[in-house]
Every structure is written in C-alpha cells, then in structure tokens.
Amino acid sequence: MSPRRAHNGGRIDRSTTLRFTFDGTAMTGHAGDTLASALLANGISVVGRSFKYHRPRGVFSAGIEEPNALVTVIKGKLREPNIPATQIELYDGLAVESQNRFPSLAFDFGAANGLAGNLFAAGFYYKTFMGPVAGPLKGTRFWMFCEHFIRRAAGLGRAGHEPDTDRYEKMYGFCDVLVVGSGPSGLMAAKHAAATGKKVFLAEQEPEFGGSLRWKSAAIDGRPAADWVAATLADLAALPNVTLLPRTTVWGYYDDNALGALERVADHKAHAALGEPRQRHWTIRAKDVVLATGAFERPIVFPGNDRPGIMLAAAAARYATEFGVLPGERIAIFANNDSAYEAALALKDAGAEIAAIIDVRAGVSIAARELAREAGGELLLGYAVTNTSGARRLREIEVQAFADGKVKDGATRAFAVDCLAVSGGWSPAIHLASQAGHAPQWDEALQAFLPPAPTQPWTGAGAFTGAYSTSAALGDDIAVSEPEIEYEPAPVFEIRPTGKKSGKAFVDLQHDVTASDIRLAHREGFQSVEHLKRYTTLGMATDQGKSSNVPGLAIMAAARGLPIPEVGTTRFRPPFSAVSLGALAADRHGHFKPERLTPMHDWHVARGARMYAAGLWYRPMIYGTGGETVEQAYVREAKAVRASVGIVDVSTLGKIAVQGPDAAELLDRVYTNLFSTLPVDKARYGLMLREEGIAFDDGTTWRLGEHDFLMTTTTANAGKVMQHLEHYLDCVWPDLRVHVTSVTDEWAGAAVAGPNARHVLEACVEGTAVDNDALPFMGIVRGEIAGAPVMICRLSFSGELAYEVYCGAGHGQHVWDALMNAGQQFDIVPYGLEALGTLRIEKGHVTGAEIDGRTSPRDLYLDWMLSKKKPYVGSAMVDREGLVAADRVRLVGIVALEDRPLQGGAHIVERLGEEPRGSIGHITAFCFSPALGKYIALALVKGGKARHGQRAFVSDPVRNRYGPVEIVSHHFFDPEGSRMHG
Amino acid sequence: MLIPCPYCGPRDLSEFTYQGDANRTRPNPMSNDQSAWNAYVYERVNTAGDHREFWQHSGGCRAHLAVVRSTLTHEIKSVAFAREVAK
Amino acid sequence: MVEIVSPLEPDYHRGAHGNRDGGSAVTLSETQPGSIVQLAAWPGQDGAMRALVKTVTGLDLDAAPGAGAVDESSAAFGFAPGRWLVVDQIEGLAETLREKIGNDLGTVCDLSHGRTAIAVEGEKAERLLSKFYALDFSLAAFPVATAKSTAHHDVFTLIQRTGADRFDLYVYRSFARSFWHLLCASAEEFGYTVE
Amino acid sequence: MAEYSFLSLLRNALSGNEDWKPAWRKPDPRPSYDVIVIGGGGHGLSTAYYLAKEHGITNVAVLEKGYLGSGNVGRNTTIVRSNYLLPDNIRFYEHSMKLWENLSHDLNYNVMFSQRGVVNLAHTPAQMDEHARRGNAMRHEGGDAVLLGREEVARMVPGLDMSARARFPVLGGLLQPRAGTARHDAVAWGYARGADRRGVDILENCEVTGFLREGERVVGVTTTRGEIRAKKVAVAVAGSTGRVMKLAGIENLPIESHVLQAFVSESLKPLVNQVVTFGGGHLYVSQSDKGGLVFGGDLDGYNTYAQRGNLPLVEEVMSELLAMFPNLARVRLLRSWGGVMDMSMDGSPIITPGPLPGMFLNCGWCYGGFKATPASGWCFAHTIARGEAHPLNAAFTLDRFARGILIDEKGQGATPKLH
C-alpha cells in the first residue's frame, strides 16, 4: 500500500494538471500542490536518504521544518540543492532529483553504514583516524587519506559549477507594524493594526495566507474557516496601508527592529517574467513587530521512528485536508496530547481507515474521546509504539502498555498500518523571538519553551505564545466552533522498550542522531546543551532542529536527572530557515562593485589600452599595440616621454577642495611641511602622517586663492584622506573655519610630460602664457584649451618638464583631444600606469608600494619634509625609539647585475645559500629603465643609504629567481632635477 | 542598528563608518608627553556597557557623531554632533 | 561654451524598455542642469546663507534639515549641517554666488561637472528607489521638495523629491554609468522609458 | 583513562558504547594551585596542557565562566595557516603549524587537522607582488609558500569566476600547502582531555569575580565557586580581556572588543577543496567535512561584547563570496554566529608577564586566535613557568606600542577594526 490522491477534497485545483519529473520519472500533480503532496499523490514513499546511515526516508512534515524529504531542484544547468519538498510549489516542468544516494534512491551503497551503527556513534571520529606516529602516514597524512572518503560520503545535495545567472534584488521596507505569520492570530493582528491607520506589512512564508485555518476544521462566525480567511484577506488587500507579502520568510531579527526577509518571487514559476528577480531580499524596519509564527509539532522518539510512512499528525491531516492526499490507507495515530485526535478525524474524513489511536496517557479529555469515536479505530490509552517494521515503507507497528513514563513488560500488539501519524506536543516557533529576546521560558503545563522576554519592541500572538486553539488566536469577539481539546501533552518524549534489542530511535532525523547518541554524549561528559549539540551534531542540519531540539534536550535532562529548563536551551541565531546566498548578495550578485570611470575612459578603451582595476577605478596600464609585450609597451611609452612628450590620464587622483579662512592652518596641521607660506597660484608637495608617525599619504596641494586650496591625494587613499580631514575638523579642531569637499569627480586631469611638453601647451592653450616666467616650476595658471576653461600646474612626477592640465570633467575628453592634436607634431604618446611607474622609479619617487602603512618618513628619506617650526599630526610620535631604530628597512635603489627582470616582492639577501635565509628587505617596485638601459628597482632594505654601492642578491624563491644586484641611491636618473626645472 | 543622526534622522547602520573610541583626548599638540600620546593613540577603555564613540555618517551628511551606545546590547543612548561635543 | 559630455552617453538609450505588460511605470532621464553648486555656511550663518539662495535663485528654504524648494528652472536643498546644493538650468551659477558670498558667510564649491543628475519619475519611482536605498520613500516620510543624503553601497547620492512621484538624484560622475546600468536593470520588471 | 584508538572504538561498539568514560573530570575547586589559568577556551586549555607536559607543572586549574570552549575556539572558521608577512609573526605561527602537524597524536584526540592548503587570490599585478613578498618572507623563515599563476588557480579551485566579466579578475594566488582546517571543538576537547589526564583541574561554570592581591601582587582570584589562591595567575580570555583586566584594576589596554560574524551553508557534496580567500575584499571560505561551506569576512566594525552582528555585514560577506564563486548563489545560508574578538592596535598578539606582579597576560588575537592555539599555549606556558618570554613570543610585549616597535601586518596603524 502506498499514499495516494483522495478521490475528492483538498484545496488543489484538480482541473489543472501539472507535469513534473522526480529522478527523471515523469509524474503529474495539480495546481496548489507542493512537491511533497504531489509525490505522495503519486505513491512515492521514499524521497531521500539520511545523512549518516543512508536510511530510506519519506515525507515527515508538511512545512518548513521538514527534515527528510530534501531534493535538488534543477533549472536548466542550475542546481538548487537541499530544498524541502514541502516548500516547493509545483509548476509545469518542475524537475527535481533526490539526494545523498549512490547509485540510486532505491539501492544505496551508503546504507552499509547502518550495519556498523554502533561504530559510527556520536564522536567516533575524534577517537580514531590519528594514524601511525611514524612512517609515511605520520603527521596528518593518515587522517587526510580517510578524510577524502569521509567527505565524499558526507554532504547532502550537490551544488553546480555553473554561475547562477538569475536576478536577485534588495528591497527596503518601512512600516509601523510587521506581522510575521498569517494564521488566525496574524490575520487578526494585521486587521487590528490596519484599522488604526497604521502602515502594516503581513509576511507569510507559504504561498497562501491563513496558516492553520487552511486545514483545521474550525468554523468561524458560523462559516468555514477558509471562507473567513478569504474575506479577511480581501478586506486587508483593499486597504492602502496594508502590504501583503506571500512567500516571504522573515529569517533574521537584527538590532533596532531591522528584520531580514526572503521573498521567493519567481521560484514557483518555470520562468521569471522579464526583469523579475528570482528572489528579493527585504530589510524591513518596523516600529512594532507582531510575532504570530505559530508552533511546530514535535515527534515522539521511539525505535524505528524514521520509516517512510511515519509523519507528524498535523502534517498528515494537512495533506488530507489541504491537498486531498492520503498519506496512507490504514493509519495509526500515536500521541501524547489531544491535537492528534483532530488529525485522526480529518484523515478519516478524507477516506483513510484509522486502525488505532495509541496514546501514552491513561486518560484523555471528553473532546478527544469524542473525536476518537468519530474517527473510528481502537483507542489504546496507556500504550506506546515500541517498534516498527517495513523495508522501504512502514508495514507494521508494535504497541505495548505504557505507564509512569515507562514501557510495561508484557504482551506486544501489532498493527498492520502503512502510515503512523505522530504527535509529541507542540513547540512555539520562538526562533525570531530568541534572536531578539532573553532566554526562553519553560512551561511545565505545555512542556514547551515559551517566548522569552523581548529585548526589542515585539509582541506575540496565537500559538507562538502557547495559545494553540483557534478561538484563543482570534480573541473573544469572534465566535469559533472547534473541539475543546487539551493541548497540554503528557511529559513523554521518548519510548524506551526494556529488555529486548530494538531498532534505532532517532531524535534528529536529518543528521541521524539517535537517543543512544545523546546518552553516549552524557556518559562522556558532553552534557551542557552546547556540548551536546556540538558533540552529536543534534539540531545542526538544514532543518536546524525545529522538531528535534526539545526531545533531544528532554533525553539529556532525563539522563542527567534534571528538569529540562536546568539543562537549558540553545539560543537561536539567524537565519530562522536557510536563505539563498544570492538573495543576500542581492543586486551585488553579478555587480559586485560599481565601476568608476574617468571622463576619458572610452577613449582609452578605443585606443586598445589594457585596463587595470585600481580600487574601483579603471586606469590604462599600457596602450599595447599588436604583438607588443607589456614590457615593450611601457618601455616604448616611457622612452617617448623622455625623448619628446607623453600624456597620461590623472583624473583618478583624489581631489579635495579645502576652503575657508583657516584652510592654510588646517594644512599646516595635517601635513608635515608648511603650507601657510605657500603663495597663491603655487603648488607644493606635501606629506601626511598618521598620529603614530607613520607615513600616510602624499600629494601636491595647490593654493588657488587666499582661502582656497585644491588638495590632491593618491588614487588609493582619496577616501581615507577625506575622512582623516573630516575627523580632525569635527572631532579635534571644531573651531577651525574650513570646509572640505570631495571634488575628485569635478575635474578631469591630464599630465603632459617630456621635453616638448611646453610646446604642446603653447600650441593649444589660450588666454595665458605658459613660458618659464608665466608658469615656473610649481606655478599655476588658468586659461582655455579649445574653448574649455583649464587650470594648469607645472609639476612633475616623471622628472621631465611636465604639467598637469585640469578642466571640468565634462570637458575632459574635449581637452584631451585638443592636447593630442597639439601634440601630434611632437609625436605625443599616451602612456599608462606602467610607464608612469617606470618614470617615477627612475626618479626615486615613492608611492603606495613604499608608503605601505609601516614606513616612517625617515625610512623613505623624507626627513627634509618634517617641519621643525610647528607641530603636525604625527610629530609627537615620529621620534619614538622603534621608529628611529638602526635596523629599520629604508628606501634604496637596486640595479640588476644581470640582464634579467627584477620583480616586486622579491627579497634582498647579503648572500645566497642552500636555503633562502637572511632577508634584509624586499623590492617594492621594479621596471626596465629605458634611461639606464638596465633592470632597476626600488627596495626597502635594512640599513638603507649605508649600503649604497654594496653588492647583494635578489632572492625570490616563489618565482625561483636569484641573482646579483647592486644597492644604489634611489635617485637613479637626473638627481639634480635639471630636466624638470628646464 | 539604527543611528539617529541629528541632521538626517534615524538611518541604517550601512550608512555609517565607525570612527572609534571617543573617550580619548588629544594631548596639546606641543606636548611631548609620550605617555599621554600613547594613551591617546593606543590605549582603550573598551567598556562593557555604555561606550562613548564616534561614528561618521559617511553615507549621508558626513558629519561625525558622538554616540553613547551599549556594547552589551547595541542600544543607542545618546547622539550629538561631534563638533558640538568637541567644543 | 563647450558642451558638457554626459558620462552616460554610450549607454543612454532613449525609448521604452523592459517589461511592457503593465506599460511604462517609471521614466528615467538625465537632467543635465547647467549648474550644480554646493554652498557651505560657517556656524551661525545658516539663515544668511538661505537668504543668499533666495536672493540669487528666488527659492525659499526653511531652516529644517533637508528642507528644499523647487521651481521650473532651479532647485535647492539642504543635505548636511550648514550645506546646501543649488541647481540651476543656467551655467555659471557658482560665479554669481561666489561674487555675492564674501568670507564671513561661507564657501561656494562648483560641482557642475562632478555630479550627474538623474530624474526618476512615475508610479513605481518609490518602489524602484527602495531597491537601492535604506530610506522610506513614502510621501509622508519624504515630502515634496525635501532632500536626503544617502548611499547605495559605494555610490553616494543626494536625493530631492521634486514631485509626488518624482525624485532627482545626484551621483558622483565617475560612478554614474555603473549606477545607471543598475538603475535600468532594476526598472526592467516595471517597464521604463528613458527620456 | 583509556587511550582512544580504532580498537577501543571497536571494543566499545560491541558492548553498546556503554563503557565510555567522561573526556575530562568535573572536579570541585581546590583552595590553591600553583597556576590558575583564567579562560577555558583553546588558549587557556593549551596553556594548561603545555604547563603540565613541557614544564611538569600539574597543580593547575583552568577557570571557565561558562561551558568549556564556549568562546572563540568554538566560533571560528577553523582555518590554520602561518602565511604571515612579518618575521616575528611567521616564526610564531610556523611553530604553531609544527605543533598542529602532530597534535592529534600528541593529544590522542583526532582534531582533524586537514592540510588542504590555503589559497589567497590576487587580482592585480600589485597584489601578486604583495603575495610574492609575503610568500618570500615565509620561505626565508623556512615556511612553505607557492605562487600560483592564473591557470594553476583555475585548475585547483573549480567554480571560481575566471571569466572576463569578473569585476576583479583572478591573476593568480599565493598557496600555503601545509595550511588547512581543523575541527575547532575537537581542539578544545582534546586539550581539555589532555590536560585533565595530566592532573589539571578544569573548572567549568566558574566565573572570576575579582583578584586577590597582596600589595601589587596578584595571589589568586575570587570566583562564583569561591576563593582560589595561586602562585601565578594567567589570563587568556580573548574577547573578555577588557572585562577581566578591569577586575584587576587595569582600566586601559591596547585592545578593543569587536564582533566577527561567521557563516555556514547547508551541507553539500565536496565543492571547495582548499581554504580560499578573496583579494577584492575580505573573505575566506572552506568546506567542512560535513559538507557545509564555512566562511566569514570583515568585522562588523564597532566595539561590542554582544555575540551578534548586523545585516549590512552579512550582505557584504555574501556579495564577496558570490563575486568569487558565482555558482553559489543558489546555495543557502544555514547558520550564522558572532564571536567577540580582542583586536589589538597593530593586529598582533600580546603574550607577556605582567602587567601586575604574579600575573601573566595572553590577548590581542584579533581574528587569528584559532590557528595560534598550540603555539600560544606553548609560549604562554613557557612564559608562566620561567617568568619570562620565550624568544618566539619575545616581541609580543605590551610596551611595544609606546616604544613604536609595532608588528603591523596590515599597515593600518591603531585602527583595530581594520586589522
């Protein structure tokens, strides 16, 4: 016998047939089915294999708590593993695979693990696999050999290697009241809040609103519960202040009522609509939150409790009522509370035969007796299920008398059933509350943890608070007709038959943690909840122990002889249920970081520039022409600069407007050198330190007016320098009248460098002279190029006669074109970062590779920039013993004594030995110097200048490059600066 | 976290940059008292409880804020412009 | 004057795009104002600075944080303590303001090239922007003419609501194209028109 | 107590696993000890173990305020590596690596140290040079490091975005072959069992409430389980350093407590075989033997003692992970948690006698504490036993900040959130 579709009933649309495949087998279902209900309707009992013992497992629940029926959803080349079949809405064309089986679901080699169950008990891997202490498998080798196989056997579904090309997006929502859960109490909470005009969000993790009212038999206001739900929903949907969020799981409760929620927008469709995201990740800011998250039914732990066909009682009822599916033909009920009696009746009404109702309690309520009578079948009070049998599906259960928490010795009765519906009581879904609350409170009557005292503004409603009945959820104003059952369960969590050898009793179905594993953990001292969890992996599976936590705790409490609350509960952390990584990355999946482009970007690309990611910016590295290597390209470009003229895009330099009467004073304080003495229309090179006396950033600052400076920073540090200035102005020197504004994007910058640079400017600049008198070294003039206003500063990073031409960014390309035109007669060459680097290395100028956050100004021989006339940021600490120690690494030049390239990150040693040892420093930047005709580098080396003229060796073991070098001054080329002053 | 910026109103944590312990006072710039500088730059009270700290509303008005916040619960007790506190 | 080249140019495709089932629920456009100028007042000079804005542009700003004003050709709003952005169709506003401001009032910083102005308009404008910013875009929380400074990850943005269903965004020029791509992609599901 | 082995496992399996004994005793505190170690995390337990094993000091108590291993030893991403840049750090972490390589045998407890390799990706030529500098620094100190080219990385790490559309294309990487992962809880339990077997008392649920003093000298502690005296009191409490040291009257330290979030996905069949770190941000990922992807990123970035972080950082971490592995978008996050990190001002630790007579301090682990566990305990035990630092931890002083002898791996200065 197997599960099947009932002849009638359910809220599915029987007129719509949907096709799907399970492990390649074609099946059909109806609109409104979940994959779980459709599989049951198709008679499928075994849906997956368990984690450790690879036991066959079937559908166990009807909701998000499903531990067993996990599948992989296949969409084209994309795989989505580990999705509970209970959470998958059926659509036409759905394709799924079962998991953790080899070669097939029906026959799985891994099931052999089950034969050695005692060997694989909790913690077994800590006690073995250490391997021999000597020989070829010593150290970690033996373990790694074993691990290889363990890893393959472990794991559940298989993820794909194809990039996920679906869209994910982010959404920020703001509301007065967020109601989480749309069962009776959630609907009422939303209704009440909406009536007061508040902005209400109602989030429901399932596709339909209504929660338990969708499958419970209660009548509300004299009509079926489902009708009441429909009417209430229609009212809510009509209100402008209510937002309904179906398929939306609120998974995280963060500080200040920020809640993370996952909306599954298109998962239930074969194809998302154009532009529609697959999933949307919400951050919801709610003034108040109502948690109406309901409760999870718990199983009872007994031998053989994992066979396909055994499921939670309410789930069985839900399949019958909501989906028109019979989980079995002949069903037994096993319970410690009244709620399962309602399920019994629902199953009977749907067409199943109730074989027996087995209850551990000696007596039950009148309402329960009445339900049992209606459902039919034998009522066995004071009995428990003590064993089950059936290979791939439940065939028979064994029942024995039970009293005082113990199985009584005596006769065993057997019932042939194909389904056992189990209820071990209910646990409120306090997960979100626990993320935003203190420790949960144990309720002795309900045998459950009730919500904790909140640490954030939320209130609870309905079953979440332990008020399980529909009438309690709806409040006094609404008439509810439902059986008056008692939800208080008997405190029975585990059935332990004595004497005979019985099957495994599972606590955590997904992780195959058994009751004896918990007792073993107890025996070995892993008794605190956290130790229990970590040692046995109880509750660590994808269902996060939603149904296993309390039974596990109860078994440990029994072993320790303590009441459950003294053993404690684990704290629930986000997420409440698994959330796709794509949704959390949202729009950054596929667009990790924005691209920052200079005004001349398109020109560079069109000219074949190889672009380099510099932080978020893109900068030309070389403008390689066909067949050129990188080295050939930059050497050609650098040579052209030294021979005639070149042009480089410097728009990415950080630019900060420093304005106000105290602007010069601010600069004096943040730079090591003086700026208050700088005349208007002049620029000066400045160095900034951190408070610790370590070099921070450098750049030129231009005085455009008495109270108006334009500071430039390195590309990399632009943001940091801005924050540095803002911090001092706000927190340390609030009395300074200075405004700082980022103007990096306002200006396009082009540096024109080379002996013919002035001629290029002369050919295109209007409105100002650019000769040596009008524009001396570090002078600034304003004029126009091709009608666009420009500002020109004569400064040099290359050691050549050079100018930086700044114009409005929107004119950048226009001015660049004009400069290129003017330069044509001088064979002007655009150059990239590599040539820029080459030119500066030849001059010994430092950049980020040398100002690496560890070097002091003295290390870089920039002591001359440390003003003695004034304090500045860093002045008080720059002379500490550690910063002036003799063994610090300091800036030097390196010349390769062989015609072979040097490389960044290579180390310098005094002598080469068998093994690389005795590093005295490292290369920070390198190039082939066209000016010197040699491979050269800058390096930070212990002793610095004192080593000039010494022979040393480059030692680069990671690139296997060793060879002789000479340590020289870092000023390789034109040390007097005659060229740039010319 | 939601930080109530005195200019912008309550804003999401993602708009802010933490700028560290605000319990420290920068020594007189002329001072060469190394222990005072060491305390300013390196020492922290690292309070377990209400902590004075700076935040910059870097993804907003860019003002630095002087915030008192519990390091045990993340609850924000007070917020003011750092400029006004520094004066 | 030389024309200011838009950073969006190669990827600015006028016309209707995206899912057209529901019509075009949002309109995107680059407004290309002639002037975008930051005014920053010294402490105590806020009132005088707002008076200056009134004199030069005719726009009336009240003292509340983020307060703004809009007319056909210009807009102004506060976006930080003592700071305003003034936007005008005409070029050269920075010069005009600079001449009038003097040292005691505050400073003028021309950002006409450095910020790119994008208008988002239509019934889905609030929803579209809610995908980017942790802000409540409802009319009650974000009234017409007011402004907010915010950021979408690395992209710093000033936003002024210039109509019941219209927002003017000012982003850094260098980020504008990348931001535009994302804006268009996010508007696809509604259907959008680039004007 | 019985040795663990395959045979003992088999024997016990046959007898229904009824005969296993507790992994460590649960003794009551004695009135006095030679050494008290405050902190029953990885570092405290390994300190006690090496005091007993290396120095014969067995009259030792480890005091833990909660359950054993409840701090960062059970809240990290399990990475073990020694791929540091600065020689002081390389030497220390290399020593740790050597202890790791024999740890399971040493403890007779399988800590599952799997030397699967750590690959640090590089995305720009400058980053390749930085990796070369670090790899070379390691090689010059006797460590192992391999610089990988783009093709080698692509072969080694399937699923990585090697396409042209990658925002930060992968150029290569630095591999430390001997690095890997270990089972974090097992490290705590293994050290606890090892120390216990040598006579150390492990006192759980024993929170220190104050220090006993004779003049300046620390002579013991008061606890929730009574007063306990000791010749030497050692503090190894990581994120709680500020709180505990305040009990001793030390108000200021070069330490800030920050939260670091960590994440685990659902269990998957083998997908990521190494530890891989992203160079376009701050992210590290590996896959546990159970199949979950274990990953983390930056600190939330604000002072906190709460073991919880916030959403913006969660989203940042996921976007970085997917920037590396765009195939993981459909994989789901299963659990997240936060650990409180003792961030020092230069990113390097402190293992030192003092700051009070009779006291010893071990802190400043930033987020590198797990891999340091063996060497930290080994060096701290030496420091406690001998009263002075071992050469391996001689640089990890408290006064290095004032003196400017910093060990600044990241070059970020006194900005703990950036280390």
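We name chains A, B, ... by the order of the sequence lines, and we start the count at 1 in each one.
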Mutual orientation of the aromatic rings belonging to D/Trp20 and D/Tyr4 [parallel < 30°, tilted 30-60°, perpendicular > 60°]: perpendicular
When D/Trp100, D/Tyr67, D/Phe263 are compared by non-hydrogen pairs under 4.5 Å with chain A, the top option: D/Tyr67
A/Glu147 with D/Arg116: basic N within carboxylate O range, under 4.0 Å: yes
Segment of A/Phe142 engaging chain D (4.5 angstrom heavy-atom cut-off): neither
A/His148: partners by side chain to side chain contact (heavy atoms under 4.5 Å, CB included), with sequence neighbours left out: A/Arg152
Parallel, tilted or perpendicular: rings of D/Trp189 and A/Tyr535 (30°, 60°): perpendicular
Structural part of A/Ser919 lying under 4.5 Å from a heavy atom of chain D: both
Proximity breakdown for A/Met540 and chain D, heavy-atom pairs closer than 4.5 Å: both
Region of A/His522 that comes under 4.5 Å of a non-hydrogen atom in chain D: neither
Proximal component of A/Gln527, with respect to chain D [non-hydrogen, under 4.5 Å]: side chain
Ring-ring centroid check A/Tyr125 A/Phe120, cutoff 6.0 Å: no
Contact origin within A/Val909 toward chain D - heavy atom pairs under 4.5 Å: side chain
Which portion of A/His281 sits near chain D, non-hydrogen atoms under 4.5 angstrom: side chain
Under the side chain to side chain contact (heavy atoms under 4.5 Å, CB included) test, residues paired with A/Asp956 that sit two or more places apart: A/Gln903, A/Ala906, A/Val958, A/Arg959, A/Arg961, D/Asn136
Part of A/Glu881 lying under 4.5 Å from any heavy atom of chain D: both
